[in-house]
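Report on the structure given below.
Just so you know, these numbers come straight off a predicted model, no measurement behind them. Every heavy atom of this structure was used, including side-chain atoms; hydrogens, water molecules and symmetry mates were not. One is the number of the first residue; the rest follow in order along the sequence.
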Amino acid sequence: MGTAAQTFDEATLREALESANLPTLLMVMFQLTGDRRWTSEPYRPQRAKGMSDNDTGGFAPEIQDEVRSAAFDILQDWRNGRPVAVPLPDDELLVELIATCVGEEVPSEFGPMFAEDMRASLEGDRPHPHVEDGVDLSVIVVGAGISGLAAAVELKAAGIRATVFEKNPDVGGTWWENRYPGCGVDTPSHVYSLSYQPRRWSTYYGKRDEVLDYVRDVARKTGVVDQVQFETDVESAVWDEGAKRWTVTTRTAEGVVAEHVANVVITAVGQLNRPAVPTIPGAATFAGRQFHSAEWPEGFDVAGLRVGVVGSGASAMQIVPAVADRVSSLTVFQRSPQWIAPSFNYSSPVPEPVHWLMDNLPNYQLWYRLRLSWLINDRLYPSLQIDPAWPHPERSINAHNDGHRRALTRYIQDELAGRDDLLEKSLPTYPPFGKRMLIDNGWYAALRKDGVELVTDGVASIDETGLTTTAGQHVELDVIVYATGFEAKKMLYPMDIRGRDGVSIRERWGDEDAKAYLGLTVPDFPNLMVMYGPNLNLGHGGSYMFAGECQARYIAQMCAILTERRMASFEVRRDVHDDYNARVDAQHARMIWSHRGMDTWYRNSAGRIVTNSPWRVVDYWNMTREVNADDFVLEPATDDEFAQMLG
C-alpha cells in the first residue's frame with residue numbers, strides 16, 4: 001500500500017482533505033484501519049448522478065466534516081508508523097468496497113478484474129508470459145499508437161523485441177494525427193491511462209497535446225520507442241507457407257522500399273485511422289480551404305474566417321465550441337442530432353490539492369481510478385438491451401433506456417430554453433446510446449451564439465464560394481471542415497495482407513464485413529494478430545487503454561505458446577472463429593445498435609454490427625485473460641524451422 005509520506009505537514013493535509021473525493025477517501029480510511037464504521041451508515045456514499053465525481057458523497061455538511069476530521073487523525077497515525085490493517089482486500093471484499101464507494105450494487109464477477117488492477121498497482125507489476133531463453137522470435141508491429149505501443153511493451157516484458165513500423169514521424173497514432181481545435185478525450189483521464197503508467201493529469205479529461213505527451217512518455221519510459229522505425233508505411237504482408245513466415249513490404253517517406261521477414265505480424269492501426277471524406281459535387285472548385293478534421297493543417301487558424309463544419313458527431317462537438325468565438329461566422333451542417341450528456345468537469349483543471357492527495361495518500365489514486373472504472377465500464381450495459389415487450393420501441397428500447405431519454409431530454413430543453421428553433425433541430429428521435437453518446441463541452445452554448453447557424457438540410461453541392469443545401473440555401477464560406485468520421489468498417493485498408501494460398505484479407509472481409517475471433521485472429525491468416533479489430537470498439541463505455549492491454553497480454557501469451565511448444569504457426573480454428581462470430585451477432589441482435597431505424601457507422605450495409613463489441617468489459621477481460629491453445633491449430637516446427645528462431 002505504499003510507504004508513508006514523511007514530509008507532509010498538518011496544514012497541508014487539512015487543506016488537501018477539503019478537496020478530497022469523500023467516497024474515495026473512505027476506502028483509504030477503511031484500508032488503513034480495518035474499521036467497518038467507514039463502510040456503514042451514516043458513512044455510505046449515495047449513488048453518483050451520471051459521470052459526476054460525487055465529491056461530497058451526497059453527505060450532509062456535518063457528516064462531511066466528520067469524515068475529513070477522522071481522515072486527518074487516521075492519516076497522521078499512518079504517517080507515524082501505524083501498520084495498514086487491510087493492505088490487499090480479497091476479491092469478495094473488494095467488490096463490497098467498490099459497491100460501497102459507488103453507492104450501488106456491483107456484481108461479484110467484477111472482483112477478479114478489479115483485484116488484478118489493484119495488485120498490479122500495489123506490487124508494481126502483473127505476471128507476464130515469457131518466451132524460452134535463447135529463442136529469438138521475430139515480431140513486426142504495424143503502428144505506434146496506443147495499441148502498437150501496448151503490444152511492444154507486453155512483448156518486451158515477455159522477452160521479445162518487436163520491430164514497430166509507424167507511418168508518421170512520431171508515436172501517438174490518432175493523437176498525433178488529430179490536432180483540430182478542442183481535440184481531446186471523452187473518457188476521464190485517470191482511466192484513459194495504462195495500468196502501469198499513471199500520470200499527473202492537468203485536466204479531468206485530457207486534451208490532445210497532453211494525451212500525445214502521455215503516449216510519448218509511455219514509449220520513452222518503457223524503452224520501446226527505440227524499437228520504432230518512423231515514417232515507414234507498411235504496404236503489404238504476405239504469408240510464406242513453406243517458410244512459415246511473413247514477408248512485410250514497407251515504404252519510407254523518401255520512397256525506399258524494403259522487405260522484412262517475421263514469424264508474427266501484429267496490425268495495430270485501429271479503426272479510426274483513415275478519414276472518410278464525402279464526395280460532394282463541385283468540391284474541387286472551392287476557392288477556400290477544405291480538409292477533414294483529422295487532417296487539420298498544422299498551425300492553421302480560423303480566426304475571422306467564415307467556417308462551415310460538415311457533421312455534428314464527436315469531432316464537430318469539440319471543434320465548434322473551440323472556434324465559435326473566433327470566427328466571423330460558423331455554420332454547422334447536421335445530418336442527425338446527437339444525444340449529449342451533461343459534463344461535470346470536462347474542461348476543469350485538476351486542482352493542486354487533488355494532485356497532492358493522489359501523490360501522498362496511500363491508494364487514493366488507485367481507488368479514484370477503480371471507482372471511475374466502474375462508472376464508465378459496464379454500469380450502463382443493461383440499458384442497451386432490447387426488451388421485446390417494451391411498448392415504445394419508437395423512442396427507447398427498455399424502461400431503463402427510457403429513463404435516460406427523459407433525463408437527457410430535460411437537459412437539452414434546459415440548455416436551449418428560449419430557442420425553440422434550435423430545440424426542434426437538436427432533439428434526437430432514436431433511443432439514447434443508439435449512436436455514440438457525446439459529452440457536452442459547450443456545444444449548446446456555442447449553438448446559441450451570434451454568428452452560429454445550425455443547418456439540418458443535406459449538402460447538395462459546393463462551388464467556388466461555398467456550399468449549397470438540398471433546400472437551395474447557399475452559404476458563403478472561407479473554410480470547409482469535414483467532421484465526417486472514418487472508414488471504420490474498412491479495416492486494415494489500404495494494406496494488402498495475404499494469408500494461406502494467397503487469399504487476401506479484402507477478399508475475405510470485403511470492404512465492410514470484417515470478422516475475427518476475439519477481434520484478434522482470422523482463419524487462413526496464421527501468426528497474424530489484429531489489434532482494435534472487428535467488434536472491438538467500446539460502444540457502451542470503457543477505456544480503450546484497458547482493452548488494448550487485454551489484447552496485448554493475449555498476444556504475448558500466444559507468442560509464448562508458440563515458442564514453448566516449438567511451433568511454427570498458430571491459426572484459429574474455423575469452427576471456433578465461426579461460433580464466436582455467431583455469438584457476437586446473436587448478442588448484437590438483442591442490443592440497441594441493431595434497433596430498427598438506426599443508422600450508424602457501427603453497422604454495414606447488410607445491417608451487421610462490424611465495429612462495436614457486444615460484450616461487457618468484464619466479459620472481454622475474461623475471454624482474453626488466458627489463451628486456450630485448443631482454440632488454435634498449432635503446427636509443429638521442424639528442427640530447421642525452430643533453429644531459425646534461435647538467437
Nearest heavy-atom approach of N581 to A516 is ND2-O, 3.6 Å
**Message:** Please determine whether a side-chain nitrogen of the Lys or Arg among K489 and D511 lies less than 4.0 Å from a carboxylate oxygen of the Asp or Glu.
**Reply:** no
### Query
Looking just at side-chain N and O atoms, do N263 and S138 make a donor-acceptor pair shorter than 3.5 Å?
yes
Between D631 and R573 (salt bridge meaning N to carboxylate O under 4.0 Å), is one present in this structure? no
Given side chains that start at C-beta, do those of I497 and T267 come closer than 4.5 Å, heavy atoms only?
yes
So CG of L520 and CE of M529: to nearest 0.5 Å the spacing works out to 6.0 Å
ring-ring contact (aromatic ring centres under 6.0 Å, His included) pairs touching residues 134-169, sequence neighbours excluded, are F165-H260
* Residues R119 and D91 bridged, charged N to O under 4.0 Å -> yes
Do Q31 and N363 get their side chains close enough for a donor-acceptor pair, meaning under 3.5 Å?
yes
Taken to the nearest 0.5 Å, the spacing of D213 CG from R220 CZ works out to 10.0 Å
Are side-chain heavy atoms of V142 and I266 found at a separation under 4.5 Å?
no
Would D579 and D575 count as a side chain to side chain contact (heavy atoms under 4.5 Å, CB included) if you check the C-alpha gap in whole Å, the side-chain angles of each, and the deciding distance to 0.1 Å? CA-CA 6 Å; D579 175 71; D575 62 318; over 6 Å; no
Inset, instruction - Please determine, by modelled atom types, if N168 and E177 share a side-chain donor-acceptor pair under 3.5 angstrom. - result: yes
Applied to residues 370-383, the side-chain hydrogen bond (donor to acceptor under 3.5 Å, both in side chains) test, sequence neighbours excluded, yields E104-R379, D378-H540, Y381-Q587
- Task: Any chance you could lay out the side chain to side chain contact (heavy atoms under 4.5 Å, CB included) test for W601 and K435, step after step, and finish with the verdict?
- Result: CA-CA 9 Å; W601 58 270; K435 298 184 181 182; over 6 Å; no
Heavy-atom distance under 4.5 Å between the side chains of C550 and Y620, does that happen here?
yes
Does CZ in R436 sit with more than 12 non-hydrogen atoms of other residues, nucleotides or ligands closer than 6.0 Å?
no
(request) Decide whether Q318 and Y180 meet the rule of one side-chain donor and one side-chain acceptor closer than 3.5 Å. (result) yes
Q) Is the shortest side-chain N to carboxylate O distance from E235 to R251 below 4.0 Å? A) yes
TODO: For the pair R369 and D117, find out whether any cationic side-chain nitrogen is under 4.0 Å from an anionic carboxylate oxygen.
DONE: yes
**Study point:** S147-Y544 side chain donor-acceptor pair, cut-off 3.5 Å
**Key:** yes
In short, G143 meets V164 closest at the heavy-atom pair O-CG1, 3.4 Å
In this structure, CZ of R498 is separated from CG of L528 (nearest 0.5 Å) by 14.0 Å
Open item on the list: Using modelled atom types and a 3.5 Å cut-off, is there a donor and acceptor pairing between side-chain atoms of N535 and backbone atoms of I609?
Closed with: yes
> Is there a donor-acceptor pair closer than 3.5 Å between any side-chain N or O of E507 and the backbone N or O of S504?
Replying inline: yes
On a heavy-atom basis, the closest approach of A99 and V106 is CA-CG2, 3.8 Å
Mind checking whether Y368 and H190 have parallel, tilted or perpendicular rings, split at 30° and 60°?
perpendicular
Worksheet item: Does the side chain of T611 come within less than 4.5 Å of M491's, by heavy atoms?
Response: yes
Looking only at heavy atoms, the pair that brings L562 and L137 closest together is CD2-CD1, 3.9 Å
CG of D217 to CG of L194, rounded to nearest 0.5 Å, is 11.5 Å
Across all chains, not counting sequence neighbours, the side-chain contact (heavy atoms from CB on, under 4.5 Å) partners of V225 are A219, F230
Heavy-atom closest pair (A552 atom, E154 atom, distance to 0.1 Å) is O-CG, 3.4 Å
Under 3.5 Å, is there a donor-acceptor pair between the side chain of Y214 and the main chain of Q197?
yes
Could you check whether R179 makes a cation-pi contact with W175, meaning its NZ or CZ is under 6.0 Å from the centre of the six-membered ring and within 45° of the ring axis? no
Worksheet entry | Working for side chain to side chain contact (heavy atoms under 4.5 Å, CB included), residues S605 and E512 | CA-CA 8 Å; S605 57; E512 57 171 18; 2.3 Å; yes
Donor-acceptor check, side chain of W509 to backbone of K515, threshold 3.5 angstrom: yes or no? yes
Is the closest side-chain heavy-atom distance between M118 and W367 below 4.5 Å? yes
N/O donor-acceptor pair under 3.5 Å between Q551 side chain and Y532 backbone:
yes
- Query: For E241, does the CD atom sit with more than 12 other heavy atoms under 6.0 Å from it, leaving out its own atoms?
  - Reply: yes
Problem - Side-chain (D619) to main-chain (R616) donor-acceptor, under 3.5 angstrom - result: yes
Original post:
Does CG belonging to N628 count more than 12 external heavy atoms closer than 6.0 Å?
Top reply: yes
Practice prompt. Indicate whether the side chain of S193 and that of W201 have a donor and an acceptor atom separated by less than 3.5 Å.
Written response: yes
Find out whether C559 and L155 are in side-chain contact, i.e. whether some heavy atom of one side chain is under 4.5 Å from a heavy atom of the other.
-> yes
Closer than 3.5 angstrom, by distance alone: can the side chain of S569 be matched with the main-chain N or O of N527 as a donor-acceptor pair?
no
Taken to the nearest 0.5 Å, the spacing of R625 CZ from M623 CE works out to 14.0 Å
- Will you find, in the side chains of E549 and S195, an N or O donor that is under 3.5 Å from an N or O acceptor? yes
TODO: Classify the angle between the aromatic ring planes of F632 and Y554 as parallel (below 30°), tilted (30 to 60°) or perpendicular (above 60°).
DONE: tilted
Distance col, row L384:CG vs I592:CD1, nearest 0.5 angstrom, shows 6.0 Å
Tell me yes or no: between the side chains of Y517 and D578, is some donor less than 3.5 Å from an acceptor? no
(Q) With a 3.5 Å distance limit and no angle check, can you tell me whether N178 reaches the backbone of G173 through a side-chain donor-acceptor pair? (A) no
- Between R200 and E210, is there a side-chain N and carboxylate O pair less than 4.0 Å apart? no
Item checked: Minimum side-chain heavy-atom gap V139-T163 below 4.5 Å -> no
Quiz item: Is the shortest distance from a Lys or Arg side-chain nitrogen in R574 or D524 to a carboxylate oxygen in the other one below 4.0 Å?
Solution: yes
* Asked: So, the side chain of D501 versus the backbone of V503: is there a donor-acceptor pair under 3.5 Å, distance only?
  -> no
Check your understanding: Between I561 and M567, is a side chain to side chain contact (heavy atoms under 4.5 Å, CB included) present by the stated rule, with each step listed?
Key -> CA-CA 8 Å; I561 289 172; M567 295 293 162; 5.7 Å; no
For T187 and S543 the tightest heavy-atom approach is CG2-CB, 4.1 Å
Under a 3.5 Å distance rule, please check whether D240 uses its side chain to pair with a backbone N or O of K244 as donor and acceptor.
no
- Message: Can you confirm whether more than 12 heavy atoms, excluding those of E626, are under 6.0 Å from its CD atom?
- Response: no
**Prompt:** Without hydrogens or angle criteria, can the side chains of E166 and W176 be said to hold a donor-acceptor pair below 3.5 Å?
**Reply:** no
